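Bear in mind the structure is a predicted one, so any value in this text is a computation, not a measurement. FYI, the numbering just counts along the sequence from 1.
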Amino acid sequence: MMTPLLQVALGGAIGASARYLTGNAVTRALGHGFPAGTMVVNVLGSILMGVLVVVLARKGGQAAAPFLMTGVLGGFTTFSAFSLDAVTLFERGQIGTASGYVVGSVVLSLLGFLGGLFVARMVLA
């Protein structure tokens, strides 16, 4: 039996490869003007995460969660984990916390990305 860490690692390799192939296929089909490949991957990953949460809970498949949810879908898109966390907070009735998490994650991630660009550009200039 594989340890959870090995399950995550194997699933991550599969998910990352699937992300690459899916993103490329969508970009080839629709062109480069809009990040449709990323959007398709994020939406598809979120749909699959929603399905897996229900299926694994109802079928007693929690042992497969590290491989499928953290590994495959985590490698495919971290947006699926973000969606799971946000909806879980919402379903617990923590509307304010869920809203703060969504807004904070998006805004802080974008600011972090911009900060990383700024620092890297300054250092490598």
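Checking side-chain atoms of S99 against main-chain N and O of I95 turns up a donor-acceptor pair under 3.5 Å. Of the possible donor and acceptor atoms, none in the side chain of S105 sits under 3.5 Å from a partner among the backbone N and O of V102. Looking at Q7, its side chain never comes within 3.5 Å of a backbone N or O of G71 through a donor-acceptor pair.
V40 and M49 sit in two unconnected hydrophobic clusters of ILVMFWY residues. Membership requires side-chain heavy atoms under 4.5 Å apart, directly or through other members. Connection of V87 to L73 is not established within any shared hydrophobic cluster, with ILVMFWY side chains joined at heavy-atom distances below 4.5 Å, either directly or through further cluster members. Following chains of ILVMFWY side-chain contacts shorter than 4.5 Å, one cannot reach L84 starting from Y101, and the two form parts of different hydrophobic clusters. Under a hydrophobic-cluster definition in which Ile, Leu, Val, Met, Phe, Trp and Tyr are linked whenever side-chain heavy atoms come within less than 4.5 Å, directly or via other members, L5 and M2 are assigned to different clusters. A single hydrophobic cluster is not seen to contain both V26 and L44; linkage of ILVMFWY side chains at heavy-atom distances under 4.5 Å, directly or through other members, places them apart.
Closest of all the heavy-atom pairs between P66 and P4 is CB-O, 4.2 Å.
To the nearest 0.5 Å, atoms CG (L21) and CZ (F76) are separated by 9.5 Å.
The closest side-chain heavy-atom distance from T77 to S80 is below 4.5 Å. Here the side chains of V8 and F67 are not in contact, with every heavy-atom distance at 4.5 Å or above. Residues M69 and L56 have side chains in contact (heavy-atom distance under 4.5 Å, counting atoms from C-beta outward). Between N42 and R19 the shortest side-chain heavy-atom distance falls below 4.5 Å. M39 is listed as a side-chain neighbour of F34, based on a closest heavy-atom distance under 4.5 Å.
By the 6.0 Å contact criterion, CZ on F90 is open, its count of non-hydrogen atoms from other residues, nucleotides or ligands being 12 or less.
Scored by the ring-ring contact (aromatic ring centres under 6.0 Å, His included) test, F79 finds F82 as partners (sequence neighbours excluded).
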